[in-house]
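Computation of the quantities below employed the complete heavy-atom set of this structure, encompassing side-chain atoms and omitting hydrogens, waters and symmetry-equivalent molecules. Numbered from 1 within each chain, the chains take letters A, B, ... in sequence-line order. Source: prediction; values computed, not measured.
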Amino acid sequence: MKSVSRSPFLITMLAFGFAFLYLPILLLILYSFNESRLVTVWGGFSVKWYAELFQDAQILGAAKISLTVAAITATLATALGTLAGLVLVRFGRFRGRTLFSGMITAPLVMPEVVTGLSILLLFVALEQLIGWPAGRGVTTITIAHVTFTMAYVAIIVQSRLTQLDGSMEEAAMDLGARPAKAFLLVTLPIIAPALVSGWLLAFTLSLDDLVIASFAAGPDSTTLPMVVFSSVRLGVSPKINALATLLVLGATIIIIGAAWFMHRQDRDRDRAVARAMAEQKDRE
Amino acid sequence: MSESSLPAAHQQRSLQQKRIVPPNPEPVIVIDGVTKRFGDFTAVDDVSLTIDRGELFSLLGGSGCGKTTLLRMLAGFETPTKGRILIDGQDMTDVPPYARPVNMMFQSYALFPHMTVEQNIAFGLKQDGMARDAIRARVAEMLDMVELSALGPRKPHQLSGGQRQRVALARALAKRPKVLLLDEPLGALDKKLRERTQLELVNLQCQLGITFVVVTHDQEEAMTMSDRVAIMNQGRILQVDSPHAMYEFPGTRFVAEFFGSINAFEGTIAEDGLTHAVISCPDLDAPVYVNHSVPGYEGSTVWAALRPEKITLSKQPPADPARNVARGVVEDIVYLGGDSTYLVRLESGRRIRVALQNLTRAAEPEVTWDDAVWVSWRPENVVVLTS
Amino acid sequence: MIARAGQWVTEVLQAGGRRLVIAVPFVWLLLFFLAPFAIVAKISLAEFRVGVPPYTPLFEIVEGAWLHIRATLGNYAYLIDDPLYVAAYLSSVKIAAVSTVFALLIGYPMAYGIARSAQPWRNVLLLAVMLPFWTSFLIRVYAWIGILRSNGLLNNFLLWLGVIDEPLVLLNTDLAVYIGIVYSYLPFMILPLYATLEKMDLSLLEAAQDLGCRPWKAFVTVTLPLSLPGIIAGSMLVFIPAVGEFVIPDLLGGPSTLMIGKVLWSEFFNNRDWPVASAVAIAMLVLLVAPIVFFQRYRMRQDEKAREAAL
């Protein structure tokens, strides 16, 4: 079936599809280096918008809030999501399992406006009832973000755990490790890459979220997407282009770096296996 | 040749003696100088082969020997880099798979998981635009043939491994192909089921008279089922013969070792006559005497090869201790039920395998570990190989 | 005796540990994901009032002893009466459905091409599909503003080519919303499609050809039905969030673009009418409950299959 991959139709579709996915981003990056304020006219190369970006106190403040929220969210979501994934794969049947797995999947497809509105109304109701949370801010945004990102972590961990050979944990227990210890010593190191991708995904989703944060935020907790959104509503601005370029660049470096790191680990392992097999052959 | 000295698997071949072999063999497949390269790798290297109508032909070899590539070229999934393939007199080299008069039974069975057993079997007939009633009748006939009539409405995942294998067979035979290609047809079955299915396949092939080309890595399977076997290695065909000829008259040490087990001793021809020859092997105490002519000349290097079951083992010296004997110590015994394999360490240090039938139920075998023994063989049982 | 007591303690701890592992994520989701919907449902039955909070309480203790329940379906009646809401729902479903079809038409050949390409390429292409998903959604939508505006890059390019004489109105139209949704959600369509196509046993296609199918017919009779789970999953992943999309219609759509997510947003933030916003949210959930349940069942079946395969 090698001929299929050389089908002109498929190659055209792939080229068209990737152009569609990447051209807008590339144009955005290109025009962030535009001297002219008019975004459609090329006025020569310049990095002045980057300089302006770093003098904009509102953007810098929002970026700080967003990064803090994203880091805390990612860490909490990874912890909770890992537990949830573990429960889904290893705990068999228990009362409420269907509800549980429903609550894991639903946030993946729930419209953001609904999630945002509902969690805000919860915070309002809680404040009336027990006086907590007093007002809204970084804490409420973080709770809202943990809730919708932990589902993504749980799905990643779940799919990694289902691929995993359960007999490894059994072997650890057979050799005397208690279940919790077997999990910590054997399973956790093996699924560590999934935890890393889960953390990165939760971080990105949190950093990226506009709608849920808009509902859960208070007056003193404007996040970066909220600043970008209100600025973009007024039209295209080269400063936002510069910010976008930095965000795209950051994400690209982290993702390609992570992929390269995992690829290298795979390759090293394959090489080690090949070497071991060659050595064995020599001995024979 | 004494019948009783053959190994168990070999005796099952009696099945084939019942087969009606057409008096005038007529080629149905002609493979003419076919080479297949994938990049730098030559998978099939200048193979020429003729397969006759009504024959059960096996392609035997280890993994990567090119047997599957050759089969896939017959089916049309690969195009030869060089050479031609004729099926029933027509050049098929560039004909796509869907237009060839052959069908294939896949190693994985490749049953369509979203279709029932009946729909799977009807699939090929539908592509030919056969009338609905005719399809229904043919499907029923096929299901009956493989004894699965009750399971027509099931989906493949509701079947056992053996049942899936039979559905795959029925699907491939439904179009009455001129040739059925079988890729490791029994590979996924367990041992017991495999032996039974071997016989079923042979019987079915006899009944239908369709040419079967089987790819297998299992020499026992090839021996049991085939009219003829081709042994392949590194893309080339080493020997094409009936299982009997392949076993008793191997052409090379590779074939002899691949098709059964053999003890081969390197030596030089000491005496070369028209009706006999003497070979001196450094690893054996006495010269090897052969009562037939041998390839080569005096002084050339040859291998004297002996099948394990054609060697006798005794504690007493044989009648003629001057030739075709060696002394040694029993180092190991592998008990296999019907027979046992003795590993005897000769005085030269070489080990020799001897297979003996367990004819009595004696608790203690006559010859046991660490016994000093004589091994000996008859002059007509030596195979002399030059490579 | 002591040993047995020790073992007992361990067992209790282990049973407790198991319960704890389930309880922590379970309680979190109950509190912060499920409970809010009950509150939304409750507030959707309340009435708007000026104050903090901007809705009337559902339960009130009147004259000391009487529990007075003040529930009203007025908000829902309002949704049905006012043609704006019904139109917004229908338009959201239409826009989401059309976008899903286009995402499928673009995504399927791409997923197929990636699944059938040789190994080093396959990973690179897959990474390239996922990469935009990791970069800011807001910014990817924003990028289209610069392209689609009347003095934007696309219009300038077309004018330069001479295809058009005056700029086309592209931004703030439904077309821009379609483009934005397809663009943003394309990776969600490709990934599940790729997963089913990549898993597919290629010998099934060979078997179909061996039995007399031409390649395109083998595709229609074998590949397409076998990739149906991927088609369904991908379509749900695009359709469901697209129905409630807010950012794309707000930034790319025009004043005539009606989408329910935008309506909810403006009810809440502009009109500050929380009860009506809640009613809109509940109505949206009712609309989406069928596709969501469908998607859930699909995912559970996939889980079971994966678990069976792992055993």
Show the nearest heavy-atom pair for residues [X] and [Y], with the distance to one decimal.
X      : Y      : result
A/P111 : C/L288 : CG-CD1, 3.4 Å
C/P109 : A/F9   : CB-CE2, 4.2 Å
A/A251 : C/T135 : CB-CG2, 3.8 Å
C/A277 : A/L117 : O-CD2, 3.6 Å
C/M110 : A/M13  : CG-O, 3.8 Å
A/I119 : C/P36  : N-CB, 4.1 Å

Just give me the residue among [options] that pairs up with chain A most often, heavy atom to heavy atom, under 4.5 Å.
options                        : value
C/A143, C/G107, C/A111         : C/A143
C/P132, C/P187, C/P215, C/S184 : C/P132
C/L237, C/L127, C/L125, C/V243 : C/L125
C/L251, C/I106, C/V24          : C/L251

If you measure from [atom1] on [X] to [atom2] on [Y], what distance do you get to the nearest 0.5 Å?
X      : Y      : atom1 : atom2 : answer
C/I39  : A/L126 : CD1   : CG    : 6.5 Å
C/I22  : A/R97  : CD1   : CZ    : 9.5 Å
C/F32  : A/M150 : CZ    : CE    : 11.0 Å
A/L122 : C/L34  : CG    : CG    : 11.0 Å
A/I25  : C/Y142 : CD1   : OH    : 13.5 Å
C/F246 : A/F229 : CZ    : CZ    : 4.0 Å

Against chain C, label [X] side chain, backbone, both or neither, depending on which of its atoms sit under 4.5 Å from a heavy atom there.
X      : answer
A/L99  : side chain
A/L200 : both
A/V211 : both
A/S214 : both
A/A154 : neither
A/L27  : side chain
A/A259 : side chain
A/T204 : side chain

Best-contacting candidate, [options], against chain C by heavy atom pairs under 4.5 angstrom:
options                        : answer
A/L249, A/L80, A/T12           : A/L80
A/S118, A/G250, A/A244, A/A125 : A/S118
A/F148, A/Y22, A/F16           : A/Y22
A/G102, A/A79, A/A144, A/S159  : A/G102
A/V232, A/L247, A/I254         : A/V232
A/P225, A/A84, A/P107, A/A106  : A/P107

task = Please work out whether the ring planes of A/F100 and C/F26 are parallel, tilted or perpendicular, with thresholds of 30° and 60°.
result = tilted
Enclosure of [X] [atom1] (heavy-atom neighbours >12, cutoff 6.0 Å):
X      : atom1 : answer
C/F102 : CZ    : no
A/R233 : CZ    : yes
A/F94  : CZ    : yes

Quick one: does [X]'s side chain get under 4.5 Å of [Y]'s, heavy atoms only?
X      : Y      : value
C/F268 : A/V113 : no
A/L28  : C/R140 : no
A/L14  : C/I114 : yes
C/I240 : A/L108 : no
C/F133 : A/L21  : no
A/L121 : C/K42  : no
C/L153 : A/Y31  : yes
C/V129 : A/F18  : yes

message = Quick one, C/F33 with A/M110, criterion side chain to side chain contact (heavy atoms under 4.5 Å, CB included). Give me CA distance, side-chain angles, the key distance, then yes/no.
response = CA-CA 11 Å; C/F33 185 74; A/M110 193 60 65; 4.1 Å; yes
task = Run the ring-centre check on C/F269 versus A/F215 and record whether the distance is less than 6.0 Å.
result = yes
Region of [X] that comes under 4.5 Å of a non-hydrogen atom in chain A:
X      : answer
C/L285 : side chain
C/W121 : neither
C/D250 : side chain

request  = Determine, stepwise, if the pair A/I255 / C/M130 fulfils side chain to side chain contact (heavy atoms under 4.5 Å, CB included).
outcome  = CA-CA 9 Å; A/I255 295 314; C/M130 284 196 282; over 6 Å; no
